[in-house]
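Side chains are part of it too, since the values below use all heavy atoms of this structure and drop only hydrogens, waters and symmetry mates.
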Amino acid sequence: MRTLLPFRMLLLAALCLAPALGSRLTAADESGQPNILFIFTDDHCTQALSAYDPSRITTPNMDRIAREGMRFNRCYVTNGICGPSRAVIQTGKYSHLNGFVRNGNRFNGDQQTFPKLLQKAGYQTAIVGKWHLASTPQGYDYYDVLKGQGPYYNPPMITEGSDGSPVTRPHTGYTTEIITEKTLDWLKQQRDPNKPFMMMYQHKAPHRNWRPAPKYLNWLDDVTIPEPETLWDDYSGRTQSARRQEMTVREHLNANDLKLSGYGNMNEAQKKVWDAAYGEKNKAFEAARSSMSEEEIVKWKYQRYVKDYLRCVKSVDDGIGEVLDYLDEAGLADNTVVIYSSDQGWYLGEHGWFDKRWMYEESLRTPLLARWPGKIAPGSVNDDIVSNLDFAETFLDIAGVDVPDDMQGRSLVPIMEGDTPDDWRQVFYYHYYENPGAHNVARHFGVTDGRYKLIHFYALEGEKIDDWELFDLKDDPNELQSVYGSTDYADVQKRMLEQLAEKQKQFGVPADTELGPPRRNNRRRR
């Protein structure tokens with residue numbers, strides 16, 4: 001006959017067993033401070049992420065973050081180029097205040113950054129992958145970052161040596177996969193389980209020149225990717241800046257971009273696999289080229305370019321899946337905020353272009369997905385104007401750290417919880433500085449409220465210009481026809497000019513008078 005234990009004894013036994021049953025919970029879990037996993041790519045546009053646009057590619061692991069969390073439809077960047085975007089995220093400040101206005105600058109790591117503030121609050125911080133800010137990362141307990149831009153194959157990476165100084169180490173393999181492996185290794189083997197963590201898992205891909213992983217070299221060979229409706233844009237509805245750029249699929253993709261020459265940083269075994277994938281296709285194109293029309297050549301270039309871009313995205317999505325699976329397996333998913341974004345958007349042939357930089361929608365808008373179990377309702381979609389300017393403040397708020405008054409963005413936590421503040425921004429300010437520079441995109445600034453957009457182009461090729469564009473995104477979503485100066489939009493124009501002045505005053509934007517040297521070539525005007 002069984003002896004029935006009194007209720008109090010059963011309760012006491014359960015309490016005694018609780019620590020053993022909950023052994024997978026760490027001290028960080030019990031503290032209530034969530035872990036933060038920030039996944040960041042380079043040049044990834046919403047047109048190549050199926051949670052936004054399924055017409056070109058399926059990205060199941062990125063989509064999982066959106067499905068289990070929130071998709072932000074209007075995440076705008078402050079300065080649409082690699083290094084400046086990263087500096088904004090580190091500091092929560094516009095480029096003119098954090099000191100990194102264009103690629104080629106060196107980030108001042110001595111200034112206040114969000115990882116330093118998280119360290120003070122007890123977080124263990126790490127960054128793996130693309131850094132691209134020239135200086136040695138500060139505020140991180142662990143860093144292992146690409147040297148400069150980094151190649152797609154066999155990347156040299158910089159980490160802290162035994163004496164505390166940075167050392168560069170060679171690696172063999174595909175860079176996207178190496179970055180994922182290093183991220184998982186830190187999460188599994190190197191982090192302190194008694195501390196909450198903040199991991200920045202940052203890919204080079206899908207940055208130019210789009211070298212796919214061996215397993216995806218032939219993926220999409222039997223598919224025709226749809227062309228954007230503005231591939232053949234003639235720029236007749238805008239100012240001179242749109243015509244004078246150097247980023248068209250037609251003229252500016254080089255042989256290396258198109259995989260007609262060059263191997264990058266590959267070893268002999270990798271070159272052999274590469275040649276097996278591209279060799280015969282390239283021979284067929286070169287044999288037919290002389291008989292092809294200009295339009296046919298542009299179409300061929302577009303397909304080669306966009307397929308290689310999508311192949312690079314595919315590898316990133318695979319890696320994200322591996323990391324999300326590990327969070328599940330380790331029992332970390334419920335207490336880890338996962339955020340996915342890119343440094344800005346990108347042109348997949350829209351306006352005939354590749355690259356970024358412009359305040360036009362394709363590069364102004366970047367993907368932003370966030371998952372936070374218990375805080376973000378699964379499948380949420382948000383249309384508020386948010387920005388990479390808000391990321392630092394959001395990370396701090398998630399961790400329960402006070403946001404410094406000198407940061408210029410705002411925490412997205414209330415929006416994630418479904419309660420957008422009544423005084424949330426209605427107008428957004430953008431500023432691009434890199435001219436003279438790659439792709440010859442004019443310096444410009446502007447404001448948008450999501451419906452209307454005002455842009456001022458003020459310097460091009462070392463000369464002052466004074467060109468204005470105004471777009472009605474409802475009637476002209478492709479931004480083909482500026483209505484600046486139109487009497488029909490006089491009231492809108494007046495309001496937007498006032499908002500521009502207000503934003504520049506609010507953010508303390510100084511006059512940009514150092515225009516740089518004029519170009520010395522005699523490039524043909526188009």
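- Residues meeting the side-chain contact (heavy atoms from CB on, under 4.5 Å) test with Pro54, sequence neighbours left out: Ser50.
- Between Tyr489 and Tyr452, the two ring planes are perpendicular [angle over 60°; tilted spans 30° to 60°].
- Ion pair Lys356/Asp43 flagged as a salt bridge, since at least one NZ, NE, NH1 or NH2 atom sits closer than 4.0 Å to an Asp/Glu carboxylate oxygen.
- A ring-ring contact (aromatic ring centres under 6.0 Å, His included) with Phe38 is found for exactly one of Phe114, Tyr340, Phe395, Tyr201, namely Phe395.
- The nearest pair of heavy atoms linking Leu480 to Arg238 is O-NE, 3.3 Å.
- Between Gly173 and Pro155, the closest heavy-atom pair is O-CD, 4.1 Å.
- Of the residues listed (Asn254, Asn256, Asp257), the one engaging Asn209 in a side chain to side chain donor-acceptor pair (under 3.5 Å) is Asn256, and it is the only one.
- Cation-pi geometry between Arg106 and Phe100 is not met at under 6.0 angstrom from the ring centre and within 45 degrees of the axis.
- Under a 3.5 Å cut-off, the side chain of Ser341 and the backbone N or O of Pro367 do form a donor-acceptor pair.
- Screening Tyr432, Tyr458, Phe457, Tyr430 for a ring-ring contact (aromatic ring centres under 6.0 Å, His included) with Phe445, the sole residue that qualifies is Tyr458.
- Using a 30° and 60° split on the angle between ring planes, Tyr305 and Tyr309 fall in the perpendicular class, above 60°.
- Lys204 is linked by a side chain to side chain donor-acceptor pair (under 3.5 Å) to nothing, counting only residues two or more places apart in sequence or in another chain.
- Screening Asp42, Thr175, Asp343, Thr41 against Lys130 for a side chain to side chain donor-acceptor pair (under 3.5 Å) leaves a single residue, Asp42.
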(request) Evaluate the criterion ring pair (Phe, Tyr, Trp, His ring centres under 6.0 Å) for residue pair Tyr94 and Phe507; output intermediate values, then yes/no. (result) CA-CA 8 Å; Tyr94 271 92; Phe507 295 122; 4.6 Å; yes
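- By the side chain to side chain donor-acceptor pair (under 3.5 Å) test, Glu295 is found to be paired with no residue, residues two or more places apart in sequence or in another chain being considered.
- Rounding to the nearest 0.5 angstrom, the gap separating the CD1 atom in Ile89 from the CZ atom in Arg86 is 7.5 Å.
- With respect to Arg243 and Asp234, no salt bridge is recorded, no charged nitrogen being found less than 4.0 Å from a carboxylate O.
- With Asp233 contributing its side chain and Thr230 its backbone, the two residues share no donor-acceptor pair below 3.5 Å.
- Using a 4.0 Å cut-off between charged side-chain N and carboxylate O, Asp221 and Lys281 make a salt bridge.
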(request) Applying salt bridge (Lys or Arg N to Asp or Glu O under 4.0 Å), run through Arg74 and Asp383 and close with a yes or a no. (result) CA-CA 6 Å; Arg74 287 182 177 171; Asp383 290 313; 5.5 Å; no
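- Ion pairing between a basic and an acidic side chain is recognised when a charged N comes within 4.0 Å of a carboxylate O; Arg425 and Asp390 show such pairing.
- For Ser482, the side-chain contact (heavy atoms from CB on, under 4.5 Å) partners two or more places apart in sequence, or in a different chain, are Glu469, Phe471, Tyr484.
- Between Glu280 and Lys283 a salt bridge is recorded (basic side-chain N to carboxylate O distance below 4.0 Å).
- One N or O on the side chain of Glu350 and one on the backbone of Leu348 form a donor-acceptor pair closer than 3.5 Å.
- Evaluation of the salt bridge (charged side-chain N to carboxylate O under 4.0 Å, His left out) test over residues 505-517, restricted to residues two or more places apart or in two chains, returns Arg443-Asp512.
- In this structure, the side chain of Trp210 engages the main chain of Pro206 through a donor-acceptor pair within 3.5 Å.
- Side-chain atoms of Arg169 never come within 3.5 Å of backbone atoms of Thr159 as a donor-acceptor pair (strictly under, hydrogens ignored).
- Remark: Arg208 does not engage Asp308 in a salt bridge, criterion side-chain N to carboxylate O under 4.0 Å.
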(request) Evaluate the criterion side-chain hydrogen bond (donor to acceptor under 3.5 Å, both in side chains) for residue pair Asp406 and Gln112; output intermediate values, then yes/no. (result) CA-CA 10 Å; Asp406 61 348; Gln112 171 186 273; 3.1 Å; yes
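- Salt-bridge annotation for Lys464 and Asp466: absent, with no side-chain N of the basic residue lying under 4.0 Å from a carboxylate O of the acidic one.
- Every pair passing salt bridge (charged side-chain N to carboxylate O under 4.0 Å, His left out) that includes a residue from residues 45-55 is listed here, sequence neighbours excluded: Asp53-Arg56.
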